[in-house]
Structures are given as structure tokens and as C-alpha cells.
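The analysis underlying the following values was restricted to heavy atoms, covering all of them including side chains, and did not include hydrogens, waters or symmetry mates. By convention in this document, chain letters (A, B, ...) are assigned in the order of the sequence lines, proteins followed by strands, and residues within each chain are numbered from 1.
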Amino acid sequence: GESVGLHLPTLSVQEGDNSIINCAYSNSASDYFIWYKQESGKGPQFIIDIRSNMDKRQGQRVTVLLNKTVKHLSLQIAATQPGDSAVYFCAEKNSGRDDKIIFGKGTRLHILP
Amino acid sequence: EADIYQTPRYLVIGTGKKITLECSQTMGHDKMYWYQQDPGMELHLIHYSYGVNSTEKGDLSSESTVSRIRTEHFPLTLESARPSHTSQYLCASSARPGGEKLFFGSGTQLSVL
């Protein structure tokens with residue numbers, strides 16, 4: 001079956017350091033991947049996305065890397081700030097099948113002062 | 001800031017009660033979704049809609065029902081609530097075509113006693 005998951009449930013990072021959040025997916029037919037950030041008491045918020053024809057995409061302080069060979073996705077956050085504290089979800093979609101977006105289990109990012 | 005609203009924000013009810021969770025969006029999005037989420041866990045799709053008069057069941061079996069009579073409104077109803085329904089319910093919408101970027105509401109935290 002399809003599954004999208006994250007390697008670590010919790011990640012603690014020193015403020016100012018870079019954070020790397022990892023995600024493994026199992027559906028090789030997935031062609032679109034998204035990272036969401038969910039702060040306490042709020043709904044998930046879109047961060048960045050990447051299509052399967054790309055290996056890397058950069059945003060403001062964030063970079064997503066896609067390795068289709070090993071079905072691995074990562075989110076890199078540069079110069080982590082206290083406001084980055086949240087749960088991060090990767091999600092995937094198979095555009096050729098349906099419009100459903102499947103979410104992984106989430107990684108909680110703690111920022112250490 | 002996404003214009004998608006969910007009410008109530010919190011709801012505590014007794015077993016056997018009928019409840020309706022409201023979701024409205026003012027972005028004119030065709031696609032709308034309901035996800036169920038336990039604390040810190042992944043989001044599970046329970047219902048979605050491609051547009052008016054369209055409703056589909058998601059991957060997670062649910063005893064709830066939905067309706068889509070108007071583009072902006074996508075209510076979710078539980079005919080007889082049970083303690084196993086205790087969870088957070090998140091509503092989302094997206095534009096077509098593609099519809100990968102989901103905009104989420106803040107959620108309804110439901111507790112069934």
C-alpha cells in the first residue's frame with residue numbers, strides 16, 4: 001500500500017543551526033511532493049513543493065531535496081529560528097491516479113536556545 | 001492568510017448526539033477536503049469533494065457524512081457520536097486544476113464523552 005513517513009518523530013536543533021527533516025515514501029508512482037508546517041493549535045501550512053522531474057527546489061530559508069532512486073525527500077531549514085518550532089509533514093500525490101494527497105506521520109522540530 | 005473557516009473550534013458532547021462541523025471558504029475553490037488528525041500524528045483523508053454535488057470517501061473509513069450544496073460550504077455530520085470519534089477534524093480547500101496546494105482551516109477539536 002501507499003505510505004509516506006518520516007524517519008524521526010522529534011528533532012532538536014540549536015537556534016541558528018540548519019535543520020534537516022527527512023521523509024521516505026513508498027509509492028514510486030508519486031510525482032508531486034509537498035512539505036507542510038503545523039504550529040500548535042493551527043492547521044497545516046504549505047511550505048514548499050517539488051515535482052518528480054526536479055531534484056532540488058529552494059525557497060526562502062528552505063530547500064527541498066528529492067532522491068527518487070531511494071524514494072527519499074528532505075526539508076532543509078537554514079538558520080533555524082524559534083518560529084520554526086512546529087510539526088513538519090511531508091505529503092505526496094500521484095497525479096495520474098487521483099487528486100488525493102497522502103500525509104506522513106510528522107516530525108516535531110524543537111529549537112534549543 | 002487562508003480564508004477558510006471552521007466552527008466550532010472546540011466541541012465537547014455526549015455519546016449518541018448528532019453533530020455538524022462547519023467549514024466555509026471564501027476563495028472560490030472547487031476542491032474541499034476533510035481530514036482527521038490525532039495529536040502529532042498524520043492526517044487521514046475521510047472525505048473530499050471536487051465541486052458542488054460531488055462527494056467522495058477518503059482512505060480512512062468514517063461514520064461521518066458530508067454534503068456540498070454550495071461551493072463555499074462543506075459541512076461534516078456525525079449522526080451518532082461515539083468516544084472513538086474524539087479527534088481533531090481539519091477542513092481544507094484547493095483550486096483546480098492541479099489542486100496540490102491545500103489551504104487548511106484551524107480545525108475542530110471534538111471530544112465525545
Q. A:Y36 side chain to B:L102 main-chain N or O, any donor-acceptor pair under 3.5 Å?
A.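 Flag set: sc A:Y36 to bb B:L102 pair under 3.5 Å.
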
(Q) Per the disulfide bond (SG atoms under 2.5 Å apart) rule, what does the pair list look like for residues 49-89 of chain A, sequence neighbours excluded? (A)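 Counting only pairs at least two positions apart or across chains, no disulfide bond (SG atoms under 2.5 Å apart) contact touches residues 49-89 of chain A.
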
(Q) Counting neighbours of CG on B:L113 that are heavy atoms of other residues, nucleotides or ligands and sit closer than 6.0 Å, is the number greater than 12? (A)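 Counting other residues, nucleotides and ligands, CG of B:L113 exceeds 12 neighbours.
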
Q: Count the heavy-atom pairs under 4.5 Å between each of B:Q109, B:M41, B:Q88 and chain A, then report the option with the highest count.
A: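 Heavy-atom pairs under 4.5 Å are most numerous for B:M41.
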
Q: Using the rule that two of Ile, Leu, Val, Met, Phe, Trp, Tyr join whenever any of their side-chain heavy atoms come within less than 4.5 Å, decide whether A:V64 and A:M54 are in one cluster.
A: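 The answer is yes; both residues are in one hydrophobic cluster.
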
**Q.** Cluster overlap A:F33 with A:L65, hydrophobic side-chain contacts below 4.5 Å
**A.**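 Shared cluster, no.
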
Q. Nearest 0.5 Å, what's the CD1-NZ distance between A:I34 and B:K101?
A.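 If we round to the nearest 0.5 Å, A:I34:CD1 and B:K101:NZ are 11.5 Å apart.
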
Q) If every non-hydrogen atom of A:F89 is compared with every non-hydrogen atom of B:Q37, which pair is closest and at what distance? A)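 The pair with the smallest heavy-atom distance is CZ-NE2, 3.3 Å.
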
Q: Could you list which of residues 38-46 of chain A have a heavy atom closer than 4.5 Å to any heavy atom of chain B, in residue-number order?
A: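 Residues A:Q38, A:G41, A:K42, A:G43, A:P44, A:F46 are the ones that qualify, each having a heavy atom under 4.5 Å from chain B.
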
**Q.** Flag side-chain contact, heavy atom, 4.5 Å: B:Y35 against A:I101
**A.**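 Side-chain contact under 4.5 Å: yes.
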
Q. Side chain, backbone, both or neither: which part of B:E56 has a non-hydrogen atom closer than 4.5 Å to chain A?
A.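 Answer is neither: B:E56 stays 4.5 Å or more from chain A.
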
Q) Which bit of B:L90 is near chain A, if near means a heavy-atom gap under 4.5 Å: side chain, backbone, both or neither? A)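 Only the side chain of B:L90 comes within 4.5 Å of chain A.
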
Q: Would you please name every residue forming a salt bridge (Lys or Arg N to Asp or Glu O under 4.0 Å) with A:E15, sequence neighbours left out?
A: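 For A:E15 there are no salt bridge (Lys or Arg N to Asp or Glu O under 4.0 Å) partners, ignoring immediate neighbours.
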
Q. Mind checking what makes side-chain hydrogen bond (donor to acceptor under 3.5 Å, both in side chains) contact with A:D49, not counting sequence neighbours?
A.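 A:D49 satisfies side-chain hydrogen bond (donor to acceptor under 3.5 Å, both in side chains) with A:Y32, A:R57 once adjacent residues are dropped.
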
